[in-house]
Each structure stands twice: as C-alpha cells, then as structure tokens.
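Here the structure comes first, spelled out in structure tokens, and everything after it is commentary.
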Number of protein chains: 2
Amino acid sequence: MDYAEFKREIHVSKDDICREIFSENRKSIRVKKEMTALKNLGRIFDSALRISNKKGFQAMSMRDLSKEAGLSMGALYAYFSSKEALLEIIQRQGRAITQRILKKSVYAENGSVARLRAAIRTHIYLSEIMQPWFYFSYMETKNLGEEESKKAIASELFTEQVIVDILRQGRDEGAFVPLDSQLAASVIKAMLQDWYLKRWKYTKRKTSVDQYARFVTDFVEAYCLSPGFAVS
Amino acid sequence: MDYAEFKREIHVSKDDICREIFSENRKSIRVKKEMTALKNLGRIFDSALRISNKKGFQAMSMRDLSKEAGLSMGALYAYFSSKEALLEIIQRQGRAITQRILKKSVYAENGSVARLRAAIRTHIYLSEIMQPWFYFSYMETKNLGEEESKKAIASELFTEQVIVDILRQGRDEGAFVPLDSQLAASVIKAMLQDWYLKRWKYTKRKTSVDQYARFVTDFVEAYCLSPGFAVS
DNA sequence: GTCTATATACGGATAGAC
DNA sequence: GTCTATCCGTATATAGAC
C-alpha cells in the first residue's frame, strides 16, 4: 500500500476531526449551531497549530490566534474555556485518532513481518496527513498539566508497545533474530518520529513519504529479519 | 572506548564551560571578578536549563530564574542583557563544544567503519554528559531569532554532514553497501537524538549509555556494512 | 453568536540605594 | 556586585452591547 492509497482509504479529513471534537466537547462549547461551530473550530485548530509550530504555544497570544482565525477574542472563548483547555483538546483528539488508526492497521495483518511493515508504514503515512498535529504534540507535551502529561506519556508508550509486541511475536515465530525488543522498538520509533519532526529537511530535499517509509522498512528489516526466513 | 573512558579524556566540566562563556562574553558581562562570575554563571545556566526543560524557556519567567539561581533580578541582568540574549549564549556555547569534540573524535580515526563507530559513540556519550543542554537546544530552536535560527539549523546539518561524509567514504572503500547516504545519515541522527530526547524513558528502564551506543552501532552496521568486508 | 472595551495580573527590564 | 522597588507593556479572560 502506498501513501495515495492509504489516504483514500482512511477517513481523517479536517471535517471528520472537527465533528468529533464538537460532539465530545458539547458541554464546554457555547455555540450550538453545528455548521457555524464546525467552520470555526476548523479555523481555530488550524491557526493554533500553525502559530504554535512556528513560535511555540506559550508564545502564541490569544490575540495572535484571534487575528489568524478571523474571530474576536470574545468569540474564541465560546469554543473553549481557557488557553490551557484548548491545548488539551488538541492533544486529546490527536491521540485518539492515532491509536485508533494504528491498531486497526496493524491487527488487520497476521504475520509479524507484515505487521511490522504495517506499523512503520501507517505511522509514517498518518504523521504525513496530520503533520502539524504530530509536531505540535511532540513539542508541547511538557506544557501540559500533571494529569494530561501522564496521558501523553502513556500514549507515547502505547505506540512503542505495539512495536514491541510485534517484535516479540516475530522472535517467537523465528522470523526475527534474537534481539532486545524494547530497545529495537525505541530506535524504530525514533526513526518514525523524525519524519514529522524534521519535515523542513525532507521537504527541502524532495524526499517523498513513500521513499522514506520504504527506506525505514529496509533499514529495520536489515537488522531484525532472520537471514533464511521466508517472508510470505 | 566506553563512556567512563570518554568522560576521563574529554574536558567539558561545568567549570570549563563557564570559563569559556565568561571570556567570550566579557563585553556584555558587567561582573569583572572572575571567581564570582564563574560561580554565578554556573548557577544561572544550570537553573535556566532545569526550569526550561521542565516547562519551556518562554514559560520560565525571570523571577523563576532569579529564585532558582539564588540571585536577584537586578543581579541577573549583570550577566546578560536580555532574556533572549541568555538564550543565545546558551545555544551558541553548546554548539561550539559539540562541533569541536565531534570533529576531533571522528577525524582521529581513518577507516570509514572506525569513523562511523566514533561518530555514533561520541555523539551519544557527549549528549549524555551535556543532556540538559542537548534537550534544551532541540526544544528551543524555534524560539530563536532569525539570525540565530539559521546558525542552529546549520549546526544540525553539520552533524548530519559528518555522517554523510563517512558513509560516502565507506561506499567508495567498499566497506559499505550502496546506500542513500543522506537518508541513512538522517535516520542515524534520529537514533542518536533519541538518547537525549527520551532520557526519562531510558533512565526508567535502566538502559545504560554504553548499552545504547552498542545497540545503535550494531543496528546501523547491520544495514550499512558490506557482508564480506574485513573490518580492521 | 460575535463584537468591543476593559478588568486584572504578570511579564521583562531598569533606576538607584547600599 | 547585589538588592529592592517600580515602570510600563502585554497577557488572559470576561462583561455587556448588538
């Protein structure tokens, strides 16, 4: 499966995401007309990610956001109760989507090699679609409060655990060489994250997302795969 | 060479660093008594890194810093002219040290395989010694001004280029398989950076720096090394 | 639902005493 | 060389008009 196909099959358009956010935050959102709310939520999140990813969430003032989103200060506060609440909504929603898509894609496969490939490919493709969110999430984790910070760490470990489980399965199947699954999963995750953390670099070099996913897959398999094992 | 040996041979104690900062910023530092200046610079940088790495440089107020460093607001400003200037001094100094040590260590070797191992090991060991700085530098790059931001990017690319050059040399020598040197260098760098970016994870798991360096070296060599090539 | 105007607090930076 | 006290801009958040 290449990126174009992945994008067609998956449903995470801006509209889908806003609809989810809207229905999950009905209580705190004072705007009740769905059409208006969806339109403005989209503008708010886009603007917040754009400004934050340029100069940091803390450095983004509500006036900045208000200007970029085309809404007044007062209107903004009809959609969230405080700047911190906005941060948490963004983080929560992205995490939920990531986990849902990753699980579904990995467990659609059965063999360990196929699952490993699916995990690598899906993470990279998803972070391509939602690059601003992935970057934001990584850089702003430490600005979260106690409670939300724990959830963010749990989410980071969840992704890693998906890979650990695949590696263990592969070791048991004889498909992978004996290896330290946890350490291997850590460095694999680091490679996946580089795609959205250094996006400026890859864009400048015209490295395509398919090219990157392919490269990482080959790199990882050179270490993990048992030499003689037949890949189905 | 293991971490203990590396640490003994290299001279980057807090005192060394402060002395360098002091002599390079004589103009802007109003405190002239060296002993006093070194002591306070040490406290200021330690505190600034500690607070910033917990909640971000922007979120750190000068009052926070003043309290943590045990100096009054007025006294702080005898050591730097503005909060932004403080940020730039920290970034500049760390970059200079990193480049110096990395160059020296890599070019002390001759063969491509030895150089690749030296680059991996040195980067990981150095980021272990200066972990707070490396983390800070990574997370706060986007808060720099235009001018300093360019230098930070140049520095990021410098490290990568060191690895690219080694990989090309190895390809020419026949030690490495044909590979995309630039892409390979990118993902290798990502693995090196994970050591200081996810330090909390590795500390919790009691992964030692020697263990990590060894693992990354093996992982990279599984992909890069030509199967039959004799490593000296 | 959205706006403008404003309350209130906190930020960086400095003046001037010691 | 360091401190305390203070200036002044800007931040978040809200009240109340439309």
Side-chain angles (χ1 to χ4, degrees), chain A residues 18 21-22 25-45 47-48 51-52 54-90 140 143-145, chain B residues 18 21-23 25-45 47-48 51-52 54-90 140 143-145 148:
Chain A
C18 289
I21 293 177
F22 181 59
N25 296 276
R26 273 249 163 73
K27 302 177 293 292
S28 61
I29 296 176
R30 282 203 304 275
V31 178
K32 294 304 168 194
K33 230 164 69 180
E34 180 155 2
M35 208 185 62
T36 314
L38 292 187
K39 190 193 67 185
N40 285 336
L41 281 172
R43 300 164 72 102
I44 291 170
F45 293 124
S47 306
I51 302 171
S52 296
K54 210 182 320 179
K55 60 180 186 176
F57 184 78
Q58 292 273 355
M60 173 190 77
S61 72
M62 296 304 280
R63 283 177 177 82
D64 289 340
L65 180 57
S66 142
K67 212 168 162 186
E68 181 96 0
L71 285 166
S72 68
M73 294 278 293
L76 280 184
Y77 279 89
Y79 293 90
F80 48 83
S81 60
S82 70
K83 197 184 172 189
E84 204 190 322
L86 171 63
L87 175 59
E88 290 176 5
I89 293 172
I90 296 176
E140 305 298 342
N143 299 325
L144 293 166
Chain B
C18 288
I21 293 177
F22 181 60
S23 68
N25 295 276
R26 273 249 165 74
K27 300 177 293 292
S28 61
I29 296 176
R30 284 204 303 274
V31 178
K32 294 303 168 194
K33 230 165 70 183
E34 180 156 1
M35 208 184 63
T36 313
L38 292 187
K39 190 191 68 186
N40 286 336
L41 282 172
R43 300 164 72 103
I44 291 170
F45 294 123
S47 306
I51 302 170
S52 296
K54 208 179 325 176
K55 61 178 186 178
F57 184 78
Q58 292 272 356
M60 172 190 78
S61 71
M62 295 304 281
R63 284 172 178 82
D64 289 339
L65 180 57
S66 141
K67 213 170 159 183
E68 181 96 1
L71 285 166
S72 68
M73 294 279 291
L76 280 184
Y77 280 89
Y79 293 90
F80 48 83
S81 60
S82 71
K83 197 184 174 190
E84 204 190 324
L86 170 63
L87 174 59
E88 289 176 6
I89 292 171
I90 295 177
E140 305 298 343
N143 300 324
L144 292 167
E148 289 294 314

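As a basis for the values below, the full set of heavy atoms in this structure was taken, side chains included, without hydrogen atoms, waters or symmetry mates. All figures in this text were calculated on a predicted structure; none of them were measured in a lab. Each chain gets a letter, A, B and so on, in the order the sequences are listed, and its residues count up from 1.
- The minimum heavy-atom distance linking B:S23 with B:R26 is given by the pair O-CG, 3.7 Å.
- Residues A:M60 and A:K55 share a closest heavy-atom pair of CA-CE, 4.2 Å.
- Going from atom NZ of A:K83 over to atom P of D:dT10 covers 16 Å, rounded to whole Å.
- Read 5' to 3', the first and last nucleotides of DNA chain C with an atom closer than 4.0 Å to a heavy atom of chain A are C:dG1 to C:dT4.
- Distance B:M62 CE to D:dT4 P: 16 Å, rounded to the nearest Å.
- Nearest heavy-atom pair, A:F80 versus A:I89, reported as atom, atom and distance to 0.1 Å: CB-CD1, 4.3 Å.
- Annotation for A:F57 and A:K83: closest pair O-NZ, 3.0 Å, computed over non-hydrogen atoms.
- Considering only heavy atoms from C-beta on, A:N25 stays 4.5 Å or farther from A:L41 through its side chain.
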Sequence neighbours left out, cut at 3.5 Å: what donor-acceptor pairs do the side chains of residues 67-79 of chain A make with other protein atoms?
residue, atom, partner, partner atom, Å
A:E68, OE2, A:R50, NE, 2.7
A:E68, OE2, A:R50, NH2, 3.1
A:S72, OG, A:A75, N, 3.2
A:Y79, OH, A:N40, ND2, 2.9

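- The distance from atom CG of A:N143 to atom P of D:dT12 is 13 Å, rounded to the nearest whole Å.
- Within residues 69-78 of chain B, the residues that place at least one heavy atom under 4.0 Å from DNA chain D are, in residue-number order, B:L71, B:S72, B:G74, B:A75.
- Interface remark: the A:R63 side chain does not form any donor-acceptor pair with the D:dT10 base, using a distance-only criterion of under 3.5 Å.
- No donor-acceptor pair closer than 3.5 Å links the side chain of B:K32 to the backbone N or O of B:A37.
- Counting heavy-atom neighbours within 6.0 Å of B:K33 NZ, excluding the residue itself, gives a total of 12 or less.
- Contacts of A:Y79 with the nucleic acid, taken as non-hydrogen atoms under 4.0 Å apart, involve only primed sugar atoms and P, OP1 or OP2.
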